[in-house]
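Whatever order the structure lists them in is the order used to number ligands and atoms, beginning at 1. Residue numbers count from 1 along this sequence.
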Amino acid sequence: MSSRILLLLLIFPLLSNCQSSGTGIQIIPQPLKITPAEGVFTLKPDTKIIAPNDKDWATAAEYLMFMMVKSTGYHIETQIFTQNKPNPSSNAIYFLPDEKIAHAEGYQLEVKEGSILIRARTAAGAFYAVQTLRQLFPAAINSQQPVIEKVAWTAPCCSIQDEPRFAYRGLHLDVGRHFFPVSFIKKYIDVLAVHKLNTFHWHLTDDQGWRIEIKQYPKLQSIAACRDETLLGHYSDTPERYDGVKDCGYYTQEEIKEVVAYAQKRFVTIIPEIEMPGHALAALTAYPELGCTGGPYKTAQKWGVFDDVFCAGNEETFQFLENVLNEVCALFPGIYVHIGGDECPKTKWEACPKCQKRMEDNKLKDAHELQSYFIHRAEAMLAKHGKKLIGWDEILEGGIAPSATIMSWRGIEGGIAAAKAGHDAIMTPSSDVYFDYYQSDPVTEPLAIGGYLPLEKVYSYEPIPAELSAEEAKHILGAQGNIWTEYMKTSDYVEYMAYPRACALAEVVWSAKSNKNWADFSKRLVTHFTRLDAMGLNYSKAFYDLTASYSNGKVSLKGSMPDFALYYTTNGTEPSASSKRYSGPFSLMETSTVKAVVIQKGKAAGKVLSVQYLVHKASGKSYTMPRTPDKYNGGEQYGLTNGVTGKLKGWNNWVALVNHDIDPVIDLGKKTRFKRVSCNFVNSKVAWIYPPLEVTVFISDDGVNFKQRAKQTIDAANLKGSTVESVILDTQGARGRYLKFVAKTYGVIPSGAPGAGEGAWLFVDEIVVE
Ligand code: TNX
């Protein structure tokens with residue numbers, strides 16, 4: 001056997017199940033097993049779709065038909081067969097129920113030159129086969145109108161066997177903070193379906209707006225669906241500014257029914273969320289008697305957590321919620337209703353005689369148990385309709401309701417605790433699946449809430465916590481991406497934040513763990529972008545954005561894929577295909593602005609990266625620091641000496657520690673003379689970030705014996721708002737090889753300030769040595 005054939009034989013099994021991109025078959029989420037074959041199937045104007053006589057199967061078949069008709073302009077028909085399975089003949093796509101398919105949502109798809117066979121146990125499985133099939137055709141099949149250019153409507157012959165890893169595959173949308181029209185909700189559901197996601201979590205009520213018509217309570221429409229104006233900018237900005245524009249919106253019950261029916265046709269279940277006891281300010285504004293103080297209240301115009309919540313001592317509250325849930329349950333056929341339960345401050349309950357009496361009467365020992373009491377009652381209301389309750393992980397506090405399912409958002413701990421206690425859990429940890437977080441450098445991105453969640457991090461998320469036994473892990477139903485819309489005023493912006501991170505999530509929840517491979521996904525994604533284009537989605541191209549790091553005097557550039565063609569300049573000019581091509585780390589002799597970009601087909605594919613590097617005596621040097629940074633490390637291992645200063649927008653270039661000094665010892669490599677040492681720090685008391693109490697510089701020749709050379713104290717009291725402050729220390733031409741820099745933590749946040757009693761954060765960017 002020649003070595004070439006041997007190589008092919010070795011590669012082939014790999015291609016057939018995971019590394020599919022080499023075959024030209026590029027599907028997201030990656031199917032379980034793909035076996036490519038010779039030839040293609042060609043869609044023709046008279047190709048037929050043949051489906052069984054069953055409502056749900058007809059739904060899947062007609063979905064395929066409409067999609068193909070819309071883009072190809074062909075007059076493709078669906079024919080129903082009644083009794084025996086047809087004998088597949090040519091030029092047709094067959095839907096064939098098959099009891100032998102193991103998984104209820106699984107399917108087998110066989111593309112042959114003359115026909116296509118879709119086998120599944122259920123119509124849902126057949127629908128997922130359709131979604132795979134659409135990705136075998138050219139991207140133009142996704143077009144929303146007939147494609148005028150000539151397209152060869154062919155799909156490569158192959159056989160695909162597939163099934164989901166998790167039963168719960170969700171995407172959420174907050175329509176409370178910003179309202180989005182029915183047309184957009186439908187488009188959003190369409191994209192879920194394309195990615196084999198099966199659950200749409202519709203966050204319908206919040207402090208800033210109540211978005212679902214409840215016939216018994218008309219003021220929810222006339223009052224709670226409106227707010228007088230909306231905060232501009234970030235909620236930590238000072239002073240606060242508002243847009244002065246009244247904002248209203250809600251879905252009528254007719255519209256809700258329309259959306260539910262639309263989702264059903266796409267095998268998507270909708271979970272409505274009605275928030276209680278917290279995030280209830282809009283409802284309280286309409287019905288102030290449901291709050292502890294009786295109001296008046298005002299639908300929130302800014303973001304955050306508000307003290308006014310539904311009163312747990314007032315029987316009227318429960319009557320109201322029961323009536324609301326009665327109408328909600330009648331509208332949504334799914335088994336689950338989400339009742340929120342998150343971020344409910346207890347201050348009003350603690351001062352409320354009715355709540356205190358409720359606690360006494362029910363022998364509840366604290367406010368957490370009162371919240372638990374509240375959720376138990378909601379559970380009973382839902383049970384009357386045969387529905388099950390889902391709540392955010394706070395509903396574990398004070399005792400979980402017996403049949404509740406937990407949505408774990410403050411990390412994975414809630415999911416672990418729930419599963420260990422025998423409860424089902426859905427994983428939505430903010431660190432990995434909060435698509436309201438930045439996906440690229442905040443300085444170049446539209447305003448977002450904060451955080452940093454690039455595509456690769458979503459892709460690498462593993463929903464089953466390592467802490468769980470196999471038995472406990474069965475309670476992890478799946479995972480969900482969440483889109484909170486405080487900063488997303490338009491549907492275009494929602495799409496920008498949602499995609500392609502939701503595409504990565506789809507692979508997390510659908511594909512076999514052993515088939516996950518970032519490099520392979522990245523390749524398929526490039527093709528997938530052409531489909532998202534055809535669907536008219538405003539997805540983010542942050543995938544093409546670059547990062548840079550600086551060490552040992554050299555700048556390294558990095559893209560999402562190693563084979564990207566990067567071009568750069570170091571003199572501040574715009575990089576293009578005629579700039580220098582990046583081939584490895586390069587030196588900077590002086591302070592310079594590096595600009596770099598990915599070039600594809602001669603054009604910039606993503607944003608231009610622009611970083612100003614300060615070249616000074618400590619830049620690019622390594623250091624030791626007793627404690628590792630908390631959450632923010634300045635973007636790389638030696639964030640304090642990487643030549644980059646921090647900006648208020650985005651925390652990427654800051655090194656942060658909570659309630660601890662920042663005290664690196666920098667090795668300058670040789671005995672060095674320094675005139676001065678300077679750095680910036682953040683002052684933002686609303687964000688719990690405090691300046692250091694004092695900054696001290698020590699020097700040493702041996703790294704053991706240090707002498708103090710300069711010191712400066714900082715008075716935090718005078719610093720208002722959110723600002724970047726600098727200190728410059730005159731080191732009077734001292735000489736030494738080692739420099740110890742100590743920025744002393746502010747310590748515990750004083751009473752009266754946000755975060756009182758907690759440890760203050762200390763943020764330092766670059767220790768500039770001159
Ligand atoms: C926390 S996630 C919230 C939301 C915010 C979100 C912003 C959760 C259950 N509560 O109310 O919109 O953070 O990321």
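The environment of Lys631 atom NZ is sparse: at most 12 non-hydrogen atoms of other residues, nucleotides or ligands sit within 6.0 angstrom.
The one candidate from Tyr746, Phe681, Trp761 that meets the ring pair (Phe, Tyr, Trp, His ring centres under 6.0 Å) condition with Tyr690 is Tyr746.
We find the CG-NE2 distance between Leu477 and His423 to be 12.5 Å, quoted to the nearest 0.5 Å.
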Report every pair formed by an N or O atom of ligand 1 and a protein N or O atom separated by less than 3.5 Å, giving atom names and the distance to 0.1 Å.
unit_1: ligand 1; atom_1: 10 (N); unit_2: Asp342; atom_2: OD2; d: 2.9
unit_1: ligand 1; atom_1: 10 (N); unit_2: Glu343; atom_2: OE1; d: 3.4
unit_1: ligand 1; atom_1: 11 (O); unit_2: Arg177; atom_2: NH2; d: 3.0
unit_1: ligand 1; atom_1: 11 (O); unit_2: Glu343; atom_2: OE1; d: 3.4
unit_1: ligand 1; atom_1: 12 (O); unit_2: Arg177; atom_2: NH1; d: 2.8
unit_1: ligand 1; atom_1: 12 (O); unit_2: Glu486; atom_2: OE1; d: 3.4
unit_1: ligand 1; atom_1: 12 (O); unit_2: Glu486; atom_2: OE2; d: 2.6
unit_1: ligand 1; atom_1: 14 (O); unit_2: Asp436; atom_2: OD2; d: 2.6

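Sulfur-to-sulfur, Cys226 and Cys248 sit under 2.5 Å apart at their SG atoms.
Remark: Lys186 is not positioned above the aromatic ring of Tyr188, lacking an NZ or CZ atom under 6.0 angstrom from the ring centre and at most 45 degrees off the axis.
In terms of modelled atom types and a separation under 3.5 Å, the side chain of Ser560 and the main chain of Phe543 share a donor-acceptor contact.
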